[in-house]
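Written below as structure tokens is the structure these notes are about.
The figures that follow rest on heavy atoms only: side chains count, while hydrogens, waters and symmetry mates do not.
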Amino acid sequence: QILQLASAAMVVTGSLSVLALFVLRRRRPAAPRPYRAFGYPFVPALYLLASAVVLGAIVWRAATNGEGGWLPVAGAALLAIAWVGHRLLVARPARSPERA
């Protein structure tokens with residue numbers, strides 16, 4: 001069970017890191033690029049697709065498995081709840097200099 005939880009967490013964090021590449025390149029297109037992302041955008045997109053398949057398999061196994069199989073899904077739900085709570089309660093939009 002610990003291995004299932006650790007592997008699910010590793011897939012999620014790796015996917016979020018690769019997804020951040022797309023987000024940052026979209027939000028800051030003129031920012032300096034100290035390194036090149038190999039095969040961008042195809043290789044990172046392929047990684048995200050493969051991660052989605054792996055996460056789907058983890059969820060499928062959790063849904064069809066017996067005792068303790070729901071733990072990865074509970075961890076993902078807890079992560080989603082924490083993210084929404086952070087966005088609603090803690091994160092504030094940055095103030096622009098002309099509004100300050």
On a heavy-atom basis, which atom in [X] and which in [Y] lie closest, and how many Å separate them?
X   : Y   : result
G39 : P44 : O-CD, 3.9 Å
L48 : F22 : CD1-CE1, 3.7 Å
R25 : Y40 : NH1-CD2, 3.4 Å
A37 : L21 : CB-CD2, 3.9 Å

With hydrophobic residues grouped by side-chain heavy-atom distances under 4.5 Å, do [X] and [Y] end up in a single group?
X   : Y   : answer
M10 : Y47 : no
L88 : W83 : yes
L46 : V53 : no
W60 : V12 : no

When rounded to the nearest 0.5 Å, the distance separating CZ of R33 from CG of L24 is 8.0 Å
Just one of V11, T13, L19 clears the side-chain contact (heavy atoms from CB on, under 4.5 Å) bar with S15, so which one? V11
